[in-house]
Amino acid sequence: MSIPVRKFDAVIVGAGGSGMRASLELAQAGLRVAVLSKVFPTRSHTVAAQGGIGAALGNMGEDSWLWHMYDTVKGSDYLGDQDAIEFMCRMAPETVIELEHYGMPFDRNENGTIYQRPFGGHSANFGEKPVQRSSCAADRTGHAMLHTLYQRNVLAKTQFFVEWMALDLVRADDGQVLGVTALEMETGEIVMFHAKATLFATGGAGRIFASSTNAFINTGDGLGMAARAGIPLEDMEFWQFHPTGVAGAGVLITEGVRGEGGYLLNKDGERFMERYAPTMKDLASRDVVSRAMATEIKEGRGVGEHGDHVLLKLDHLGLETIDKRLPGIREIAMKFANVDPVKQPIPVVPTVHYQMGGIPTNFHGEVIVPASASQVVVPGFYAAGECGCASIHGANRLGTNSLTDLLVMGKSAGAAMIEYIRKSGNAHRELPATVGDFSRSRIARLDSQSGGEDVHEVRSEIQRTMQAHCGVFRFPDLLEQGVAKIKALTDRVARTQIGDKSKVFNTARVEALELDNLMETARATMVSALARQESRGAHDRADFHKRDDVNWLKHTLWFRDGDRLDYKPVHLKPLTVPTFEPKARVY
Amino acid sequence: MKFRIQRFDPDRDAKPYFKEYDLEPGPSDRMLLDALVRIKAMDDSLSLRRSCREGVCGSDAMNINGKNGLACTTKLADLPNVVTLKPLAGLPIIRDLIVDMTLFFQQYHSVKPYVIDNDPMPERERLQSPAQRDELDGLYECILCACCSTSCPSFWWNPDKFVGPAGLLQAYRFIADSRDKATNERLDDLEDPYRLFRCHTIMNCVDVCPKGLNPTLAIGRIRELLVKRAV
């Protein structure tokens, strides 16, 4: 049975920061670009980013991209690829200026330049003291950035396919990527989007955990599609726990609160970060702060009836600063924690926030896979943003570097795609005869499945398992049990059943399809975490307390078939500057 | 609690009807959206949009006991024991609580929602004083949830001709931006019996905005600029 085919020069899956930065590049170059998104573009999860965009603009005092690079390499616990990190930090200022030119409503200094605030792990002069590097729009930076990018895409006449869910990657026999199949939610129709170049900008998969700052839509769709098409996933054991999620609710409280002068307290009213990070204190990197908080709670110095959280104090900043710089935080605290931070501290707990791993790419956004002894490009396939792994963030991402990554990698991938499309000529490659069959069979199974598993229940079980077995501190026995449980859940996911059989906006079907992607991400995470026998960045093993550069200064690659693992070296050599050699991390 | 939810699936139903669900909120159910997620776990055929669950993405706007709001920031504790939920009014229903927002976004696009400045860009950022930047506060925060426009009787009558409160708030966001050079063209476009002047200051928009924004005030500012320009 033939499937409707639509042809474009480029197809982009995901309309968040990186997807829309890339689409802008392509649309402005006069190419035909389709952007597919499960939600209206301004509802993508970039909208929830709060604190700012990291770039060494030097508006508040001396700064340099090299210091930013050092901080990012150190923050990554030396697992980040130093060529990609140099590229991002060098490009960051120009992409932020560009965003201003697009109309971004940045906060301003008296002299009219963009205001920048301090942020965790960002320092001057190679770790000497905190630096103001985070360009922001109050505590709504992601919202302002996402809307600005959407607005510029409206001007550039980018073609959006809103409320379309990409289902599967389509590849030729030789591996070249030819586009994706996608489901139009409103009608239930499945269409092949045939492209010369395909970009995944599908964001993270934070919803594999029970408690997450992530939106419902963050189900790792790009990761699932890539894994099913034989592409490995890189460094999936590294998940960032953001220090300050609202206790019980999971909603994010920006690190910008600490950037503006807020700090954490334990039940004794002690500013405990002074003990863990004497120089940077509450502005140490996120893995360090989250571990410190979890240690305080574990050792009985947590706050509350169950001693299960700590407090974020900011009342001393005063009403004026809070309303000017942190108005969204005040709103969130009042709604989700029932406290007014002008008067009371906010109860917070480390909460899953960001996936450092993803689809392996170079810093052009080209997807890279192993072939015999080296790494080769998958023709026509690109990934950027949280779903990609360049690897800029290594084992731990610094705050503000996610938005920087979206802008720099979105633009870089867009530019690489333009070059590739122009070289590839006018014709699209022929599609395989079986195109669409696999996607259709997934839908057909869902429609006909009886006596199957409940989507909601299986998803909850995955989330509980990840939370209990793969948290801030990781234990060998728990990880081993976790792998067994997650593998058992894979069989249940294959038998999911939905009650809703309607063709019109069938969200039960969408959630069942998303579950397939969550499953792949969860399995990649658990299997990779069990294998890595060291503690590095966000991955903390109770049985291997130290970082082990001799055996583990390398990237994990997980393959779906047989849960096979492979490894590849870290790019320690930057583009133009000397290597930052791995050393002990002290903040 | 009892939830009366308006249901409609064009595949199956001749017209919308109400379905009732009984649910006792658990200790972790704070917001209306938490309850809806639990109801959907019992009846997966209930269709609604939702994403960020913290009031910044604008997906889950609906009519809650007669007033528009976001399910994710409406506290269950603030609701009575019987909660009636309907899709936003004035836009075609696709299914259940999901409406077709095409007209709403067309109006948004019609105000040219981007800074217009055809001069060559400087090497660095364009300068803007804190006071100039303050002019954008209360405007740029809009999440395009459509609570305001779909509570506006003028928008119900003329969704194809009246820009509506959300679109006009954004029209003023760009007029108010010191970097925008197209104020006159923007005012020309709005000086129209329908596009701007269908606003009769009923102020439902202000009443329902989940972000506490004030479209009526912005519309008033646009009117003032039109008057100033005329004299």
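Just so we're on the same page: letters track the sequence lines, and every chain starts at 1.
- Between the side chain of A:Thr141 and the backbone N or O of A:Gln50, at least one donor-acceptor pair lies under 3.5 Å.
- The candidate with the highest count of non-hydrogen atom pairs below 4.5 Å against chain A, out of B:Ser45, B:Ser28, B:Pro130, B:Ser47, is B:Pro130.
- Both the backbone and the side chain of A:Asn506 come within contact range of chain B, judged by heavy atoms closer than 4.5 Å.
- Applying the 6.0 Å contact sphere to NZ of B:Lys40 captures more than 12 heavy atoms from other residues, nucleotides or ligands.
- Proximity of the aromatic rings of A:Phe209 and A:His353 is defined here by a centroid distance below 6.0 angstrom, and this criterion is not met.
- Only the side chain of B:Arg179 has a heavy atom closer than 4.5 Å to any heavy atom of chain A.
- Proximity to chain A is limited to the backbone of B:Glu123, based on heavy atoms less than 4.5 angstrom apart.
- Looking only at distances, a side-chain donor or acceptor of A:Arg117 sits under 3.5 Å from a matching main-chain atom of A:Ala138.
- For B:Ile116, no part lies under 4.5 angstrom from a heavy atom of chain A.
- Within the 4.5 angstrom heavy-atom criterion, no atom of A:Glu98 approaches chain B.
- When A:Val339, A:Ile346, A:Asp323 are each tested for a side-chain contact (heavy atoms from CB on, under 4.5 Å) with A:Arg330, only one passes: A:Asp323.
- Proximity to chain B (any heavy atom under 4.5 Å) is restricted, for A:Asn59, to the side chain, taken from C-beta onward.
- Annotation: side chain of A:Val35 is not in contact with side chain of A:Gln159 (no heavy-atom distance under 4.5 Å).
- A cation-pi geometry, defined here as NZ or CZ lying under 6.0 Å from the six-membered ring centre and within 45° of its normal, does not hold between B:Arg38 and B:Phe3.
- When heavy atoms are compared at a cutoff of 4.5 Å, A:Arg207 approaches chain B solely by way of its side chain, counted from C-beta outward.
- Heavy atoms of B:Arg53 lying under 4.5 Å from chain A belong to its backbone as well as its side chain.
- Chosen from A:Asp454, A:Asp107, A:Leu146, the residue pairing most often with chain B at heavy-atom distances under 4.5 Å is A:Asp107.
- In this structure the side chain of B:Val37 reaches within 4.5 angstrom of the side chain of A:Phe216, judged on heavy atoms.
- Between the A:Lys501 side chain and the A:Asp447 main chain, a donor and an acceptor come within less than 3.5 Å of each other.
- No other option in B:Ile98, B:Asp96, B:Asp134 has as many heavy-atom pairs under 4.5 Å with chain A as B:Ile98.
- Side-chain N or O atoms of A:Thr148 include one that pairs as donor or acceptor with a backbone N or O of A:Ala144 at under 3.5 Å.
- Only the side chain of A:Glu511 comes within contact range of chain B, judged by heavy atoms closer than 4.5 Å.
- The main-chain N or O of B:Gly26 is found under 3.5 Å from a side-chain atom of B:Asp29 such that the two form a donor-acceptor pair.
- Annotation: maximal heavy-atom pairing with chain B below 4.5 Å, among A:Leu57, A:Val154, A:Val39, occurs at A:Leu57.
- When heavy atoms are compared at a cutoff of 4.5 Å, B:Leu144 approaches chain A by way of both its backbone and its side chain.
- Judged by the 6.0 Å distance and 45° axis criteria, A:Arg108 is not positioned over the aromatic ring of A:Tyr115.
- Chain B forms more heavy-atom pairs under 4.5 Å with one residue of A:Arg152, A:Glu457, A:Glu110 than with any other, namely A:Glu110.
- Ranking A:Ala249, A:Ser502, A:Gly248 against chain B, the residue ahead of the rest is A:Ser502, based on heavy-atom pairs under 4.5 Å.
- Looking at A:Thr42, its side chain never comes within 3.5 Å of a backbone N or O of A:Phe40 through a donor-acceptor pair.
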Practice problem: Would you please test B:Lys181 and B:Asp117 for salt bridge (charged side-chain N to carboxylate O under 4.0 Å, His left out) and show each step? | Solution: CA-CA 5 Å; B:Lys181 306 259 172 76; B:Asp117 174 6; 3.0 Å; yes
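- Neither the backbone nor the side chain of A:Leu99 comes within less than 4.5 Å of any heavy atom of chain B.
- Remark: side-chain polar atoms of B:Asp44 are paired, donor with acceptor, to backbone N or O of A:Asp500 under 3.5 angstrom.
- Proximity of a side-chain donor or acceptor of B:Arg186 to a complementary backbone N or O of B:Val111 within less than 3.5 Å is detected.
- If you tally non-hydrogen atom pairs under 4.5 Å between each of B:Asp180, B:Ile143, B:Asp177 and chain A, the highest count goes to B:Ile143.
- Contact count against chain B (heavy-atom pairs under 4.5 Å) is highest for A:Gln151 among A:His147, A:Gln151, A:His45.
- For chain B, the nearby part of A:Tyr102 is the backbone; its heavy atoms alone come within less than 4.5 Å.
- For chain B, no part of A:Met185 is nearby; none of its heavy atoms comes within less than 4.5 Å.
- Only the side chain of A:Glu163 comes within contact range of chain B, judged by heavy atoms closer than 4.5 Å.
- Interface residue B:Leu33: only side-chain heavy atoms are found under 4.5 Å from chain A.
- Put simply, of B:Gln170, B:Lys112, B:Arg12, B:Met31, the one with the most heavy-atom pairs under 4.5 Å next to chain A is B:Met31.
- At a 4.5 Å heavy-atom cutoff, the contact between B:Pro122 and chain A is made by backbone and side-chain atoms alike.
- Using a 4.5 Å cut-off between heavy atoms, A:Ser212 contacts chain B through its backbone alone, with no side-chain atom that close.
- Highest contact tally toward chain A, considering only B:Arg173, B:Glu54, B:Arg126, is held by B:Arg126 [criterion: heavy-atom pairs under 4.5 Å].
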Quiz item: What's the verdict on ring pair (Phe, Tyr, Trp, His ring centres under 6.0 Å) for B:His109 and A:Tyr150, showing C-alpha distance, side-chain angles and the deciding distance?
Solution: CA-CA 11 Å; B:His109 294 159; A:Tyr150 177 67; 5.8 Å; yes
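- Proximity to chain A (any heavy atom under 4.5 Å) is shown, for B:Asp43, by neither the backbone nor the side chain.
- A:His101 touches chain B through backbone and side chain together, each having a heavy atom under 4.5 Å away.
- In this structure, chain B has a heavy atom under 4.5 Å from the side chain of A:Lys324, while its backbone stays farther away.
- A distance-only check finds no donor-acceptor pair linking the side chain of A:Gln449 to the backbone of A:Leu446 [under 3.5 Å].
- Using a distance-only test at 3.5 Å, with no hydrogens or angles considered, a donor-acceptor pair links the side chain of A:Gln497 to the main chain of A:Gly452.
- When the candidates B:Val56, B:Val115, B:Leu136 are compared by the number of heavy-atom contacts under 4.5 Å with chain A, B:Val56 comes out ahead.
- Ranked by heavy-atom pairs under 4.5 Å with chain B, the list A:Arg140, A:Glu186, A:His456 is led by A:Arg140.
- Only the side chain of B:Pro10 comes within contact range of chain A, with heavy atoms under 4.5 Å apart.
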